[in-house]
There are 2 protein chains.
Amino acid sequence: MSQDFRPDHICAKCGFRSSVFSKLTDEQLDRLTSNKTFHFAKKGEIVAKQNTPIKGFIFLRVGLAKLTRTNPDGREQIIGIATPNDFVGLLSIFSSKNYQYNIIAIEDCEYCCVDYNLVINLISTNGDFAKTLLEKISQVSDLMMGTRLDLELRQLRGRVAFIIFYFGNEVYKSHKFSLPISRREIAELIDMRVENVVRILSEFRRDNIIRIEGTTIEIVDPEKLHWIKMHG
Amino acid sequence: MSQDFRPDHICAKCGFRSSVFSKLTDEQLDRLTSNKTFHFAKKGEIVAKQNTPIKGFIFLRVGLAKLTRTNPDGREQIIGIATPNDFVGLLSIFSSKNYQYNIIAIEDCEYCCVDYNLVINLISTNGDFAKTLLEKISQVSDLMMGTRLDLELRQLRGRVAFIIFYFGNEVYKSHKFSLPISRREIAELIDMRVENVVRILSEFRRDNIIRIEGTTIEIVDPEKLHWIKMHG
DNA sequence: TACATATATTGATATATATCAGAGTTGATT
DNA sequence: AATCAACTCTGATATATATCAATATATGTA
């Protein structure tokens with residue numbers, strides 16, 4: 001985890017300006033800019049660790065990260081994937097002094113960390129900002145909960161189709177993309193076993209629904225994939 | 001859903017006073033009191049309906065309610081149980097104009113409904129209140145998400161044990177209680193089939209872990225139940 | 001009371017998923 | 001080049017869960 005203050009990075013010009021921080025005054029935004037730190041994380045590096053103190057708000061600018069949870073029995077669970085311009089770990093940031101999840105880069109990442117107390121202060125002094133933040137938190141948690149509930153209804157084929165669809169349509173917005181996570185991680189993300197992930201991917205390939213070359217996946221038959229996602 | 005203004009119910013003396021509304025001034029609390037409505041809902045009655053406009057913040061005072069979701073394929077999913085002094089439907093209230101879930105009484109309920117715009121106004125004008133509300137929302141969503149993730153890891157026996165434990169320890173705080181939901185509803189809550197709920201309950205009874213008399217359940221062997229909850 | 005309707009229960013069977021075993025593949029390190 | 005570890009893949013088998021069928025029990029209602 002390297003750090004770089006990058007004075008050239010002005011929060012006002014950042015992608016976040018348009019969403020959560022849109023209601024801040026110029027003065028407040030300046031304060032934000034001078035109280036943030038800029039970081040890099042290489043693929044595999046830990047951005048935040050479960051059960052360690054929350055230092056600040058983490059905003060993912062570039063790359064992908066996974067949110068994971070290590071269970072008492074040692075089993076790893078991936079809760080979700082964070083994409084650029086996401087608040088990460090927003091869910092638990094107000095309910096606990098510690099991160100509830102691990103945040104781990106699954107692609108090389110750039111992210112900002114904004115001081116916790118500054119944001120708390122902004123909430124108290126800027127009601128519109130507080131409201132915008134509430135909306136954002138509500139959206140994030142709603143989306144995550146909805147995704148988990150959707151997944152629970154599906155059986156394995158449907159879940160695998162779901163996750164391929166997700167990366168193709170939501171993350172990379174292309175029918176051909178390089179899967180950023182291993183088969184094991186897919187299994188951890190959609191609550192199944194590695195062998196079955198592999199098996200079903202092979203099945204999809206055999207049925208000409210997808211093409212697989214190394215880590216690259218190409219969706220050949222989106223309609224069939226979508227059907228499986230909905231009815232599999 | 002009957003309505004009753006009950007002038008004798010002063011928000012300042014309500015259970016909520018101590019949690020979310022603790023940071024309000026007396027004047028603000030007065031405004032709250034005069035802008036809330038008081039309601040009853042009999043067991044089975046709908047308090048709020050999925051995809052209908054959000055009227056206000058619903059605070060459950062007495063009774064239990066279930067949060068449900070009707071899926072495209074008609075399958076019903078219970079997301080969670082709301083207990084007295086809970087905000088209900090808090091998750092999506094800021095992210096959508098419509099309720100994302102149904103709220104249905106599973107016991108006779110009393111609840112308050114506070115005008116949406118008033119709360120929004122309080123957020124903008126009272127930073128400490130905004131912060132408290134953020135914390136509460138964060139807690140609620142964290143708890144719900146954690147519960148879903150916990151359930152996903154378990155197989156059927158573990159899930160059934162989980163839910164009996166939940167009602168005994170969290171809701172009724174007694175080893176003997178009357179189950180407020182049907183077998184079907186248990187199945188919808190922990191994502192399994194009615195027949196298997198029944199089967200596993202019978203199994204628990206046969207193994208002298210619980211006793212069943214009609215809707216009444218008595219936890220006879222809490223240790224064994226807890227073991228199954230954790231390792232089943 | 002009698003009827004219709006939802007719920008509860010159990011057993012037999014089919015299906016879905018996990019587990020186990022083994023072999024091929026890749027990537028990093030020495 | 002050799003080695004190791006993690007990942008990928010496939011087949012055989014065991015286990016968990018869903019489905020189907022049938023009956024019993026409750027619950028509400030005309």
Side-chain angles (χ1 to χ4, degrees), chain A residues 42-45 66 71 73-78 104 106 151-164 178-207 210-217 228 231-232, chain B residues 42-45 66 71 73-78 104 106-108 151-164 178-207 210-217 228 231-232:
Chain A
K42 282 201 174 302
K43 176 169 181 159
E45 281 184 338
K66 62 177 177 179
N71 287 94
D73 61 354
R75 212 168 139 189
E76 195 85 359
Q77 238 176 337
I78 300 182
I104 301 174
I106 55 176
L151 281 171
E152 284 177 22
L153 284 175
R154 292 173 164 77
Q155 20 193 68
L156 302 196
R157 272 162 202 78
R159 285 188 227 159
V160 173
F162 187 100
I163 214 64
I164 297 175
S178 171
L179 251 192
I181 57 178
S182 69
R183 308 289 189 259
R184 164 170 306 281
E185 287 172 313
I186 294 178
E188 287 168 355
L189 179 55
I190 58 182
D191 192 39
M192 51 191 283
R193 295 295 165 169
V194 189
E195 294 94 322
N196 289 324
V197 173
V198 172
R199 233 184 285 275
I200 289 168
L201 283 175
S202 303
E203 203 179 298
F204 286 178
R205 179 182 46 199
R206 197 177 54 244
D207 296 345
I210 59 173
R211 208 167 309 178
I212 309 176
E213 295 159 29
T215 62
T216 301
I217 289 203
I228 296 172
H231 309 101
Chain B
K42 281 202 175 302
K43 177 171 179 158
E45 281 185 338
K66 62 177 178 180
N71 288 94
D73 61 354
R75 212 168 139 188
E76 196 85 358
Q77 239 176 336
I78 300 182
I104 301 175
I106 57 176
E107 285 179 349
D108 291 353
L151 281 171
E152 283 177 22
L153 285 175
R154 291 172 165 77
Q155 25 192 64
L156 302 195
R157 272 162 202 78
R159 285 188 227 160
V160 173
F162 187 100
I163 214 64
I164 297 176
S178 171
L179 251 191
I181 56 177
S182 69
R183 307 290 189 260
R184 165 170 305 282
E185 286 172 314
I186 294 178
E188 287 168 355
L189 180 55
I190 58 183
D191 192 40
M192 51 190 284
R193 296 293 165 170
V194 189
E195 295 94 323
N196 289 323
V197 173
V198 171
R199 234 184 284 276
I200 289 168
L201 283 176
S202 303
E203 205 179 297
F204 286 177
R205 180 184 45 200
R206 196 176 55 245
D207 297 344
I210 59 173
R211 207 168 310 179
I212 309 176
E213 294 159 29
T215 63
T216 301
I217 288 203
I228 295 173
H231 309 101

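When reading the values below, keep in mind they use all heavy atoms of this one structure, side chains included, and skip hydrogens, waters and symmetry mates. Proteins come first, then strands; the chains are lettered A, B, ... in the order of their sequence lines, and each starts at number 1.
Going from atom CD of B:E195 over to atom C1' of C:dT7 covers 12 Å, rounded to whole Å. What separates NZ of B:K43 from C1' of C:dA6 is a distance of 13 Å, to the nearest Å. If you measure from atom CD of B:E203 to atom P of C:dT9, you get 14 Å, rounded to the nearest angstrom. Taking atom CD of B:E185 as the reference point, atom C1' of C:dA6 lies 12 Å away to the nearest angstrom. Following rounding to the nearest Å, A:I212 (CD1) and C:dT25 (P) show an atom-to-atom distance of 16 Å. One atom, CZ of A:R193, and another, P of C:dC20, lie 10 Å apart when rounded to the nearest Å.
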Checklist entry - How far apart are the C-alpha atoms of A:I78 and A:I181, what are their side-chain angles, what is the distance that settles it, and do they pass the side-chain contact (heavy atoms from CB on, under 4.5 Å) test? => result CA-CA 11 Å; A:I78 300 182; A:I181 57 178; 5.5 Å; no
Item to check | Full working for salt bridge (Lys or Arg N to Asp or Glu O under 4.0 Å) between B:D191 and B:R154 | outcome: CA-CA 11 Å; B:D191 192 40; B:R154 291 172 165 77; over 6 Å; no
Checklist entry - How far apart are the C-alpha atoms of B:Q77 and A:L153, what are their side-chain angles, what is the distance that settles it, and do they pass the side-chain contact (heavy atoms from CB on, under 4.5 Å) test? => result CA-CA 9 Å; B:Q77 239 176 336; A:L153 284 175; 3.7 Å; yes
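Without hydrogens or angle criteria, B:N71 side chain to B:E76 main chain gives no donor-acceptor distance under 3.5 Å. With hydrogens and angles disregarded, a donor-acceptor distance shorter than 3.5 Å links the side chain of A:D73 to the backbone of A:R75. Looking at A:R157, its side chain never comes within 3.5 Å of a backbone N or O of A:G232 through a donor-acceptor pair.
Residues A:L201 and A:R183 form a side-chain contact, since some pair of their non-hydrogen atoms from C-beta on lies under 4.5 Å apart.
The nucleotide range of DNA chain D contacted by chain A, defined by atoms under 4.0 angstrom from heavy atoms of the protein and reported 5' to 3', is D:dC7 to D:dA12.
Toward the 5' end of DNA chain D, the nearer of the two residues B:T215 and B:R154, judged by each one's closest nucleotide, is B:R154. Mapping A:S182 and A:Q155 onto DNA chain D via the closest heavy atom, the residue that lands nearer the 5' end is A:S182.
Separating the CD1 atom in B:I212 from the CD1 atom in B:I164 is a distance of 7.5 Å, to the nearest 0.5 Å.
An OP1 or OP2 oxygen of C:dT10 is reached within less than 4.0 angstrom by a side-chain nitrogen or oxygen of B:S202. Within the 4.0 Å cut-off from OP1 or OP2 of C:dT19, not a single side-chain nitrogen or oxygen of A:R199 is found. Within the 4.0 Å cut-off from OP1 or OP2 of C:dT9, at least one side-chain nitrogen or oxygen of B:R183 is found.
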When you compare the protein's N or O atoms with those of nucleotides 27-30 of chain C, which come within less than 3.5 Å of each other, and at what distance?
none

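Using a 4.0 Å heavy-atom criterion, one finds that B:R159 contacts no nucleic acid atom at all.
When the options A:E203, A:M192, A:Q155 are evaluated for a side-chain contact (heavy atoms from CB on, under 4.5 Å) with A:V160, the one that passes is A:M192.
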